[in-house]
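Note sheet for the following structure.
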Amino acid sequence: MEFPITRMRRLRRTAAMRSLVRETHLRPGMLLYPLFICPGESVRKPISSMPDVFNLSIDEALKEAHECAKLGIGGLLLFGLPESKDEAGTGGYADDGIVQRAIRAIKADRALDGLLVISDVCMCEYTSHGHCGIIAREGDHYHVDNDATLELLAKTAVSHAKAGADIVAPSDMMDGRVEAIREELDIEGFTEVPILSYAAKFASAFYGPFREAADSAPQFGDRRTYQMDAANPREAMREIELDLMEGADMILMKPAGAYLDIILAARERFEVPIGAYQVSGEYSMLCAAFEKGWLERERTILESLLAIHRSGADFIFTYFAKEAARLLRS
Ligand code: PBG
């Protein structure tokens, strides 16, 4: 009988051997944790479609921030649920808005110095209609007015930078917003604040649970006139290229798990830091399977994140950040 010359199993025989030849590693520092900040005190309101995720008042958010810092998590992504909403989403760029106050509170706490504060720049949590931009109406028709929205997004980004945000992350998908935000940040003296643009953000059913968490479901229509068609990988590359030309420092791919081809294509093509967002639906889907006992919780969480990192994401936004960091440290 002939022996196989190459035996792949030789390097899989023991844990030490497997560790030696492991090609990809997750670190707590590459994980970023999204928080939904709401008004009030001692508020910890559960989100029915996202187990263990809450709407948090600022004092409660600070507790989460401390836990994240201790776990060595890279940073926080802040979303706001304002006291009231209006057509123009004014709560989004108010100097004393909910996110602005949260950023100040986190930045005032020296123990949290190592934690990056990233602010989501969008209008959908602040507008009464739930769209990511200003609505222009003509009789029975309406559209999301791209150019009228740019100025408000830029104002929002500046208000976050003023409050102390380390990175601003526009997620609205209006054309030209990176340029508009960069210009306004620079004019206002925030030349050193980087922009992480959600460059390839697809109109996705996987955002379902987020809309409960951020109370941001559109009241009419949907987001397909500004977010990308799931069928279009080439268009995603154009979106990225444009955002980089406009001055984006880093790019974000979203969703992640069902879009690994997009992450890989971006990785092969662009020499910039790439983030990916394991979105609410990806999280809830896995949690549902864990609840049913159909998937093994810890292994599946780490495998889902490893796959995203392996396909080219340098960092990952995930609702599993705390748990994954704990697993990685143990
Ligand atoms: C805001 C925004 C959304 C998400 C992040 N920023 C919702 C949307 O575009 O509908 C989704 C995040 C998630 O599903 O976890 N525009």
Side-chain angles (χ1 to χ4, degrees), residues 31-37 47-55 76-82 85 89 91-93 98-99 118-127 129-135 144 146 149-150 152-153 156-157 160 165 167-175 177-178 181 195-230 239 251-259 275-288 304-305 308 313 315-321:
L31 304 177
L32 303 154
Y33 191 50
L35 292 180
F36 301 99
I37 318 285
I47 294 150
S48 64
S49 52
M50 298 180 76
D52 302 318
V53 177
F54 304 87
N55 288 166
L76 304 171
L77 176 66
L78 302 187
F79 295 100
L81 290 96
K85 307 187 184 223
Y93 39 89
I98 185 76
V99 160
I118 306 170
S119 69
D120 186 88
V121 176
C122 195
M123 304 203 55
C124 64
E125 300 124 68
Y126 306 95
T127 50
H129 44 72
H131 277 288
C132 302
I134 291 295
I135 296 287
V144 176
N146 191 86
T149 303
L150 296 182
L152 302 182
L153 291 169
T156 304
H160 293 171
I167 299 171
V168 294
S171 68
D172 52 283
M173 291 301 279
M174 298 300 123
D175 288 316
R177 93 270 206 204
V178 173
I181 290 171
I195 298 175
L196 166 62
S197 84
Y198 287 69
K201 176 171 176 180
F202 291 88
S204 172
F206 287 103
Y207 306 151
F210 175 94
R211 293 179 185 171
E212 182 199 345
D215 182 26
S216 68
Q219 299 302 302
F220 49 83
D222 56 43
R223 302 207 204 287
R224 284 175 226 225
T225 68
Y226 40 103
Q227 297 180 351
M228 289 185 45
D229 187 324
E239 278 283 1
I251 51 175
L252 189 59
M253 310 290 116
K254 183 178 171 196
Y259 292 77
Y277 198 142
Q278 183 180 51
V279 299
S280 56
E282 301 177 61
Y283 173 81
S284 301
M285 184 167 70
L286 292 178
C287 289
S304 72
L305 295 170
I308 296 167
F315 50 90
I316 306 170
F317 291 91
T318 173
Y319 302 97
F320 289 122

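Given the structure is predicted, the values throughout are model-derived calculations rather than measurements. Whatever order the structure lists them in is the order used to number ligands and atoms, beginning at 1.
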- Item | Candidate pair Phe220 and Ile135, rule side-chain contact (heavy atoms from CB on, under 4.5 Å), full reasoning | CA-CA 11 Å; Phe220 49 83; Ile135 296 287; 4.1 Å; yes
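- Within the listing of ligand 1, atoms 13 (C), 14 (O), 15 (O) sit less than 4.0 angstrom from a heavy atom of Ser280.
- Between the Glu212 side chain and the Ser48 main chain, a donor and an acceptor come within less than 3.5 Å of each other.
- A 4.5 Å side-chain heavy-atom check between Ser171 and Lys201 finds at least one atom pair inside the cut-off.
- On a distance-only criterion, Glu125 and ligand 1 share no N/O pair closer than 3.5 Å.
- Contact annotation: the side chain of Val144 never approaches that of Met173 to less than 4.5 Å [non-hydrogen atoms, C-beta and beyond].
- Counting the atoms of ligand 1 from 1 in the order shown, those under 4.0 Å from a heavy atom of Lys201 are 1 (C), 2 (C), 3 (C), 6 (N), 8 (C), 9 (O), 16 (N).
- Among all non-hydrogen protein atoms, the one lying nearest atom 10 (O) of ligand 1 is Arg211 NH2, 2.5 Å.
- A donor atom on one side chain and an acceptor atom on the other are not found under 3.5 Å apart for Glu282 and Ser304.
- For the residue pair Asp52 and Tyr319, no side-chain donor N or O sits within less than 3.5 Å of a side-chain acceptor on the partner.
- Under a 4.0 Å criterion applied to the non-hydrogen atoms of Cys132, ligand 1 contributes the atoms 16 (N).
- The side-chain heavy atoms of Arg223 and Tyr207, taken from C-beta on, include no pair separated by under 4.5 Å.
- The atoms of ligand 1 that sit less than 4.0 Å from any heavy atom of Asp120 are 6 (N).
- Atom numbering of ligand 1 starts at 1 in the shown order; those under 4.0 Å from a heavy atom of Tyr277 are 12 (C), 15 (O).
- The aromatic rings of Phe36 and Phe79 sit parallel to each other, their planes meeting at less than 30°, with 60° as the upper class boundary.
- Between Ile47 and Ala213 the shortest heavy-atom distance is CD1-CB, 3.5 Å.
- Ligand 1 places these atoms under 4.0 Å from at least one heavy atom of Tyr207: 8 (C), 9 (O), 10 (O), 11 (C), 14 (O).
- Of all atoms in ligand 1, numbered sequentially from 1 with element shown, those under 4.0 Å from a heavy atom of Cys124 are 1 (C), 16 (N).
- For the pairing with Thr156, the side chain to side chain contact (heavy atoms under 4.5 Å, CB included) check across Val99, Val121, Val168 returns one residue only, Val121.
- Using a 4.0 Å heavy-atom cutoff, Glu282 is absent from the residues neighbouring ligand 1.
- Of the protein's heavy atoms, Phe210 CD1, 3.2 Å lies nearest to atom 12 (C) of ligand 1.
- The aromatic rings of Tyr226 and His131 sit perpendicular to each other, their planes meeting at more than 60°, with 30° as the lower class boundary.
- Heavy-atom separations between Phe317 and ligand 1 are all 4.0 Å or longer.
- Close approach of ligand 1 to Cys122 is summarised as follows: ligand atoms under 4.0 Å from at least one heavy atom of the residue are 1 (C), 16 (N).
- Residue contacts with ligand 1 for Tyr283 are absent, since no atom lies close enough (heavy atoms, distance under 4.0 Å).
- Nearest protein neighbour of atom 15 (O) of ligand 1, counting heavy atoms only, is Tyr319 OH, 2.6 Å.
- At a heavy-atom cutoff of 4.0 Å, ligand 1 is contacted by no atom of Asp172, backbone or side chain.
- Ranking protein heavy atoms by distance to atom 4 (C) of ligand 1, first place goes to Lys254 NZ, 2.6 Å.
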